[in-house]
Amino acid sequence: MHKVHLFTVALALLMGCGSPLWAQTSTPSTQQMIEQLKAPPLAPRTRGLRNLSVEATGDANSPAANAVANTGAAAAEPVVRPSLSLMIQFDFNSAKIRPESQQALLNLASALKAAELAASNFAVDGHTDAKGLPDYNLKLSQQRADAVQQFLVSQGVAGTRLVASGKGATQLANAANPLGAENRRVRIVNLE
């Protein structure tokens, strides 16, 4: 099972999920979920480049000159938020959570209630594979995200800390295999 877990984590990272995709055969513990969802410590602030001036020589229409002219502020790096992807099993064509996913969701509820995450709010993003019509997949993914949110609330997680959102098949975990089971998942994102 250890090899399966490593394969699943490696596959998820290679696919660009940004977080391991935990398979049901390897349900992460509450502590693993806490560590995955904790916000990284704030980096020390550095001085901006606001007062830096750059001179471009040569043709005013050159790519270099245009690049200098178009950089009024330093380019912002995309914000990477701590997240966790879980393969939550649902009944076919339904938002009913299957019993085999109960333990993963119980661990998630415990993690979200832990002191390390108590001040954070979370997105609960539902994802589908690409089978079916886009509008249908979007609706089904929203229903599944809502079902996970309701489960977490039933376990004592404050509903005000959770925002459910359906993504349909717009953010595939494995774009090389749009119909793959790894695309049918729920992603929890720390919004803090």
Seminar exercise, completed: For Lys131, the side chain to side chain donor-acceptor pair (under 3.5 Å) test, sequence neighbours excluded, returns none
Seminar exercise, completed: Between the OG atom in Ser165 and the CG atom in Asp125, the distance rounded to the nearest 0.5 Å is 5.0 Å
Problem set entry | Residues forming a side chain to side chain contact (heavy atoms under 4.5 Å, CB included) with Pro134, sequence neighbours excluded | none
With a 3.5 Å cut-off and sequence neighbours excluded, list the donor-acceptor pairs that the side chains of residues 112-121 form with protein atoms.
from, atom 1, to, atom 2, distance (Å)
Lys113, NZ, Gln155, O, 2.7
Ser120, OG, Asn190, ND2, 3.4
Asn121, ND2, Glu192, OE2, 3.3

For this session: Determine whether Val153 and Val163 fall in the same hydrophobic cluster, where Ile, Leu, Val, Met, Phe, Trp and Tyr are linked whenever their side-chain heavy atoms lie under 4.5 Å apart.
Result: no
For this session: Could you tell me the separation between the CD1 atom of Ile188 and the CZ atom of Arg81, rounded to the nearest 0.5 Å?
Result: 14.5 Å
For this session: Apply side chain to side chain donor-acceptor pair (under 3.5 Å) to Gln171 and list each qualifying residue two or more places apart in sequence or on a separate chain.
Result: none
Problem set entry | Partner set under side chain to side chain donor-acceptor pair (under 3.5 Å) for Asp91, not counting sequence neighbours | Arg98
When the side chains of residues 140-147 are checked against the rest of the protein, which donor-acceptor pairs come out under 3.5 Å, sequence neighbours left out?
from, atom 1, to, atom 2, distance (Å)
Ser141, OG, Asn137, O, 3.1
Ser141, OG, Leu138, O, 2.9
Ser141, OG, Lys167, N, 3.2
Ser141, OG, Gly168, N, 2.8
Gln142, OE1, Gly166, N, 2.8
Gln142, NE2, Asp146, OD1, 2.9
Gln142, NE2, Ala164, O, 3.4
Arg144, NE, Ser94, O, 2.8
Arg144, NH2, Ser94, O, 3.1

Exercise. At what distance, to the nearest 0.5 angstrom, does OG1 of Thr27 lie from CD of Gln32?
Worked result: 10.0 Å
For this session: Determine whether Leu106 and Leu108 make a side-chain contact, defined as any pair of heavy atoms from C-beta on separated by less than 4.5 Å.
Result: no
Exercise. Is it the case that Gln31 and Glu35 place a side-chain donor and acceptor less than 3.5 Å from each other?
Worked result: yes
Problem set entry | With sequence neighbours excluded, residues passing side chain to side chain donor-acceptor pair (under 3.5 Å) with Arg184 | Asp129
Exercise. Are Thr128 and Phe90 close enough that some pair of their side-chain heavy atoms sits under 4.5 Å apart?
Worked result: no
Problem set entry | Gln149 (side chain) donor-acceptor with Val124 (main chain) under 3.5 angstrom | no
Exercise. Out of curiosity, does Met33 fall in the hydrophobic cluster containing Val189 (side-chain heavy atoms, cut-off under 4.5 Å, transitive links)?
Worked result: no
Exercise. Donor-acceptor pair, Ser110 side chain versus Thr30 backbone, under 3.5 Å?
Worked result: no
For this session: State whether the number of non-hydrogen atoms from other residues, nucleotides or ligands found under 6.0 Å of Lys38 atom NZ is greater than 12.
Result: yes
For this session: Answer whether the closest heavy-atom distance between the side chains of Asp135 and Lys139 falls below 4.5 Å.
Result: no
Seminar exercise, completed: When rounded to the nearest 0.5 Å, the distance separating CD of Gln89 from CD1 of Ile97 is 11.0 Å
Exercise. Does a side-chain heavy-atom distance below 4.5 Å link Phe122 with Leu191?
Worked result: no
Seminar exercise, completed: In short, Ala130 meets Leu172 closest at the heavy-atom pair N-CD2, 4.4 Å
